[in-house]
Amino acid sequence: MRYRLMFGVGLAVGYILGSRAGRERYEQLKRMARRVSDNPAVQEAAGLVGAQVSKATGVARTKVGDVARDKLPFLQPRDGRGLDEHDETGTGWPREEKAVTPH
């Protein structure tokens with residue numbers, strides 16, 4: 001029982017001392033990160049990277065959209081072209097040809 005109590009006290013003391021040291025180091029890292037992020041050169045570089053990512057995303061979206069539009073009929077433009085090929089269910093899938101039965 002005595003060893004468990006000593007272990008518990010040692011654990012608590014270690015936790016308290018470790019958390020104080022950890023908190024101080026955390027605050028130090030936070031101040032350093034804030035100084036770096038407030039640097040005008042870093043902000044300019046981040047702006048350039050953001051612009052490049054936006055441009056690349058736009059190009060990728062256009063390319064993927066073009067490929068998807070060719071492969072998926074429900075992504076066809078709704079400007080009147082090809083609408084007679086689709087059913088009225090709103091799915092955009094091509095209508096199945098119905099066999100004409102004589103009466």
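Side chains included, hydrogens not; waters and symmetry mates left out as well; all remaining heavy atoms used.
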**Request:** Could you check Q43 against N39 for side chain to side chain contact (heavy atoms under 4.5 Å, CB included), going step by step and ending with a plain yes or no?
**Result:** CA-CA 6 Å; Q43 289 181 351; N39 185 332; over 6 Å; no
- Report the C-alpha distance between Q52 and L48 in whole Å, list the side-chain angles of each, state the deciding distance to 0.1 Å, and finish with yes or no for side chain to side chain contact (heavy atoms under 4.5 Å, CB included). CA-CA 6 Å; Q52 290 294 329; L48 291 173; 5.6 Å; no
Taken to the nearest 0.5 Å, the spacing of R35 CZ from K30 NZ works out to 13.0 Å
Open item on the list: Quick one, Q28 and M32 - any side-chain contact, counting heavy atoms below 4.5 Å?
Closed with: no
ask   = Above 12 or not: heavy atoms from other molecules or residues under 6.0 Å from CD of E27?
value = yes
